[in-house]
Student: 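The structure follows.
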Amino acid sequence: MVPSRPSSKLYQIKSKKYDEYGARVTSSFDKSVSHVLIDPEWDGSRTLKYLHISAGDIRPEIDKGTIHFVRDSWPSACIENKQLIPESPDYTVQLYSPAPSPETTPEPEVSQKLVQTVISPEKPPKLKKRDISTSSNTSLSPEPDTPKQTAIDDLNPVEASGANTSIENKAEKKAQDGSGNDELDSVIQEAELQEHAARFLSDDEIEHALQTQRKKYSAPYSRPKRTSDGRVLKGNWDTFLCMKAGEDNIAKPDGPNALVINILSLMLHHYEAEGDQWRTLAYRKAIATLKKQTVPVRTAAQAVKLPGIGSRLADKIEEINKTGDLKRLKYTQGEGKFEVLELLKRIYGVGNKTANKWYSEGIRTLDDVRERKDLTANQQTSLDHYEDFAERIPRDNVTKHFERVRDAVHEIDPEIEATAMGSYRRLQPDCGDIDIILTKRNASRHDLTVTLAKLLDVLFEQGFAKYTFGGIEANSMRWLGASAHPDDGNKWRRMDILLVPWEERGAAFIYYTGNDIFNRSMRLLAQKKGYRLNEKGLFLAPHDRKSAGAVGPLVCGEDEEKIFETLGVPNRPPHKRIIG
DNA sequence: TCGCAGCCAGC
DNA sequence: GCTGGC
DNA sequence: GCGA
Ligand SMILES: O=c1ccn([C@H]2C[C@H](O)[C@@H](COP(=O)(O)OP(=O)(O)OP(=O)(O)O)O2)c(=O)[nH]1
Ligand SMILES: [Mg+2]
């Protein structure tokens with residue numbers, strides 16, 4: 001397994017599973033190895049370095065194809081499909097880049113000669129420079145260039161809800177229950193245990209090597225011209241999603257590109273489950289672009305012109321239009337897996353990792369989950385009210401919840417300003433949850449937290465507030481919980497209350513209005529222009545960049561309009577900020 | 001070749 | 001650091 | 001996977 005991180009819980013689970021299927025996970029790399037299972041974030045080149053493949057002795061085996069380099073999702077996919085999946089771009093990892101792309105130069109002796117033996121094209125995923133690990137992070141979504149919308153044309157004072165999106169990273173795999181053993185055995189069985197980890201580089205060594213290389217080979221890439229305070233004045237900002245007005249979304253039932261969208265969505269699901277966050281991101285962007293089209297995109301030539309669609313996706317689009325299908329899809333996940341994952345991920349506290357892990361352990365239904373004894377309190381609660389939480393809330397019912405909170409807080413302090421945010425502010429017809437901002441002129445953060453604590457006391461007392469998911473009541477500036485309103489059938493709904501210092505309300509409103517994709521686009525734009533945008537304000541980018549906390553001087557925090565203006569983004573009404 | 005939003009919480 | 005969430 |  002590459003990388004080999006025996007200390008990681010995920011690693012332990014995976015290797016145990018492989019073991020159950022008759023494979024042996026080794027801690028060293030030599031001729032006895034039959035398969036190398038590679039993390040989705042790693043590419044072939046990095047894998048070779050990691051394995052110290054310059055040791056010429058195993059080269060012949062690689063050449064002969066007796067050692068297979070595959071994605072770590074391959075074993076579970078084989079089991080799912082109840083067959084050995086042959087070399088396929090979905091699972092085979094290219095060790096060297098094909099001619100056109102030199103890749104990071106391999107060691108002297110391992111060079112491009114082996115390239116041609118590789119079958120086809122899944123280009124290796126990129127790795128981020130600092131992060132290496134076997135697993136990765138959180139959730140993401142698409143970004144700039146491809147908007148789309150959902151239209152809601154009506155204007156009402158307050159309301160609406162929308163959709164949200166989230167993406168994740170990798171996943172684990174393996175098999176679930178019995179079936180499929182023999183097949184897998186037959187391939188994997190020969191892998192042998194070797195004893196100790198001789199050949200692995202430490203992360204630091206790898207990183208060092210990569211850096212050295214980058215220095216040597218990376219192109220000079222011209223940094224954008226900056227003013228003395230670091231801002232960037234020139235660039236093509238029009239390609240950012242947040243720049244485009246939200247027109248009405250045409251991709252409703254089945255737009256002109258429905259088939260392509262559906263099939264690319266399957267690819268997206270595949271990569272999402274596999275944990276390839278950046279490909280997932282790219283697919284999302286491309287799909288969002290396609291959804292906006294009013295006419296069919298038939299040829300690759302047409303497609304490449306669209307933002308977020310490059311040559312590879314363009315070819316796929318053409319193939320789909322010609323054949324009605326995509327070869328690449330043949331060996332992707334088994335039927336029904338995604339539905340199960342979606343089911344599980346609706347449980348609060350269950351993300352891609354956990355869902356995949358459970359799936360691999362045979363979990364298929366909520367009842368299966370209920371039998372588990374390792375659920376966190378949040379998971380248990382959201383499971384207990386699964387149906388309620390899964391349902392979107394009609395906006396009028398959101399109004400009920402909101403007014404209840406607003407009125408209660410006004411009993412405590414009439415000067416508090418309460419606003420319903422999120423999809424409600426975007427005027428969507430239904431909402432996933434109730435998002436509320438509480439702010440007050442001249443109030444300190446402490447004042448606000450005190451008020452929130454009192455508010456929650458009252459709401460729990462009344463039986464309106466039901467549960468706290470997070471946001472410690474103590475002095476947190478946020479509360480994530482559940483509420484139930486009689487006019488909403490007493491269904492349990494998720495509620496998110498944000499306390500906002502008066503001076504930060506402009507940035508907070510932008511953040512909390514969303515949608516998430518709009519935010520990411522706008523934050524990316526800010527970054528490209530030399531700023532950093534977060535929920536507290538627009539700042540000049542910190543000189544030392546990176547580091548979460550560090551920010552430069554505040555440019556603006558309290559004025560939503562000024563932030564838009566500074567960034568050169570049209571300040572659209574909330575319902576025009578629905579992207580993707 | 002490199003980044004892809006930027007934070008926060010719990011473990 | 002990993003995972004999950006907004 | 002895309003774009004700079
Ligand atoms: O990853 C995220 C998630 C959310 N947000 C912001 C935008 C979003 O509009 C707001 C509220 O989050 P929520 O998850 O409630 O999304 P929503 O837009 O309100 O949609 P939904 O109807 O699903 O609640 O927080 C982000 O910036 N990034
Ligand atoms: Mg919401």
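Lettering follows sequence order; numbering is per chain, from 1.
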Student: Output the single nucleotide from C:dC6, D:dG1, C:dT3 whose closest atom is nearest the side chain of A:Y283.
Tutor: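 From the listed options, D:dG1 comes nearest.
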Student: Name the closest nucleotide to the A:Q527 side chain, picking from C:dC6, D:dG1, B:dG3.
Tutor: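 The answer is B:dG3.
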Student: With A:Q380, which residues qualify under side chain to side chain donor-acceptor pair (under 3.5 Å), at least two apart?
Tutor: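 A:D384.
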Student: Among the candidates C:dT3, B:dC7, D:dG1, find the nucleotide nearest to the side-chain atoms of A:R279.
Tutor: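 Taking heavy atoms from C-beta onward, the closest nucleotide is D:dG1.
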Student: Rounded off to whole Å, could you give me the CG-to-P distance for the A:N534 and B:dC8 pair?
Tutor: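 Whole-Å distance recorded here is 8 Å.
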Student: Can you give the dot-bracket line for DNA chain D, using ( ) for pairs inside the strand, [ ] for pairs that cross earlier ones, | for pairs with another strand and . for unpaired bases, where Watson-Crick and G-U count if both distances are under 3.5 Å?
Tutor: ||||
Student: Give one of base, sugar-phosphate or nothing for A:L306, where a contact means two heavy atoms less than 4.0 Å apart.
Tutor: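 Counting heavy atoms under 4.0 Å across all strands, the contact made by A:L306 is with sugar-phosphate only.
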Student: To the nearest Å, give me how far apart OH (A:Y512) and C1' (B:dG6) are.
Tutor: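 So the two atoms are 16 Å apart, to the nearest Å.
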Student: Categorize A:I309 for me: base, sugar-phosphate, or nothing, with a 4.0 angstrom heavy-atom threshold over every strand shown.
Tutor: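 Sugar-phosphate only.
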Student: Contact class for A:I497 vs. all strands (heavy atom < 4.0 Å): base, sugar-phosphate, or nothing?
Tutor: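 A:I497: no heavy atom of the nucleic acid under 4.0 Å.
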Student: So does A:R572 pair up with A:E560, basic N to acidic O under 4.0 Å?
Tutor: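 Salt bridge: no.
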Student: Using whole Å, what does the distance between atom P of nucleotide C:dC6 and atom CD of A:E535 come to?
Tutor: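 That distance rounds to 14 Å.
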Student: Under a 3.5 Å limit for both distances, which nucleotide forms a Watson-Crick or G-U wobble pair with C:dC2, could you say?
Tutor: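 Paired with B:dG10.
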Student: Would you indicate which nucleotide in C:dC6, D:dG1, C:dG4 comes nearest to any side-chain atom of A:R312?
Tutor: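 Ranking C:dC6, D:dG1, C:dG4 by closest atom to the A:R312 side chain puts D:dG1 first.
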Student: Please name all residues satisfying side chain to side chain donor-acceptor pair (under 3.5 Å) with A:R346, sequence neighbours left out, ordered by chain then number.
Tutor: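 Scan of A:R346 (side chain to side chain donor-acceptor pair (under 3.5 Å), adjacent residues dropped) gives none.
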Student: Given B:dA5, B:dC7, C:dG5, which nucleotide is nearest the side-chain atoms of A:W278?
Tutor: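 Nearest to the side-chain atoms of A:W278, counting from C-beta on, is B:dA5.
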Student: Run the side chain to side chain donor-acceptor pair (under 3.5 Å) test against A:E558 and tell me which residues pass, sequence neighbours left out.
Tutor: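 Residues passing side chain to side chain donor-acceptor pair (under 3.5 Å) with A:E558: A:R505.
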Student: Using the C1' atom as the reference point in each nucleotide, state the distance between C:dG5 and B:dA5 in Å, no decimals.
Tutor: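 Going atom to atom, C1' in each nucleotide, I get 14 Å.
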Student: Does A:E361 come within less than 4.0 Å of A:R372, counting only side-chain N to carboxylate O?
Tutor: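 Judged by the 4.0 Å cut-off on N to carboxylate O distance, A:E361 and A:R372 do form a salt bridge.
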Student: Starting at the 5' end of DNA chain B and moving along, which residue's nearest nucleotide shows up first, A:F469 or A:Y511?
Tutor: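 Per heavy-atom nearest nucleotide, the more 5' residue is A:Y511.
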Student: Taking the C1' atom in each of D:dG1 and B:dC8, what is the distance between them to the nearest angstrom?
Tutor: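 The same atom, C1', in both gives a distance of 29 Å.
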Student: Assuming nearest nucleotide by heavy-atom distance, tell me which of A:N519 and A:K536 is located more 5' along DNA chain B.
Tutor: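 Result of the comparison: A:N519.
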Student: Would you call A:R493-A:D433 a salt bridge at under 4.0 Å N-O?
Tutor: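 Judged by the 4.0 Å cut-off on N to carboxylate O distance, A:R493 and A:D433 do not form a salt bridge.
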Student: Between atom CG in A:L281 and atom C1' in B:dG3, what is the gap in whole Å?
Tutor: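 Interatomic distance, CG of A:L281 to C1' of B:dG3: 10 Å.
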Student: Under the ring pair (Phe, Tyr, Trp, His ring centres under 6.0 Å) rule, collect the residues that match up with A:Y283, sequence neighbours excluded.
Tutor: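 Partners of A:Y283 under the ring pair (Phe, Tyr, Trp, His ring centres under 6.0 Å) test: A:Y271.
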Student: Using the side-chain heavy atoms of A:Y271, tell me which of these nucleotides is nearest: D:dG1, C:dG4, B:dA5.
Tutor: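 My answer, after comparing the listed nucleotides, is D:dG1.
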Student: Would you please name every residue forming a side chain to side chain donor-acceptor pair (under 3.5 Å) with A:E535, sequence neighbours left out?
Tutor: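 For A:E535 there are no side chain to side chain donor-acceptor pair (under 3.5 Å) partners, ignoring immediate neighbours.
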Student: Given B:dC7, D:dC2, C:dC6, which nucleotide is nearest the side-chain atoms of A:D496?
Tutor: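 Of the options given, the side chain of A:D496 lies nearest C:dC6.
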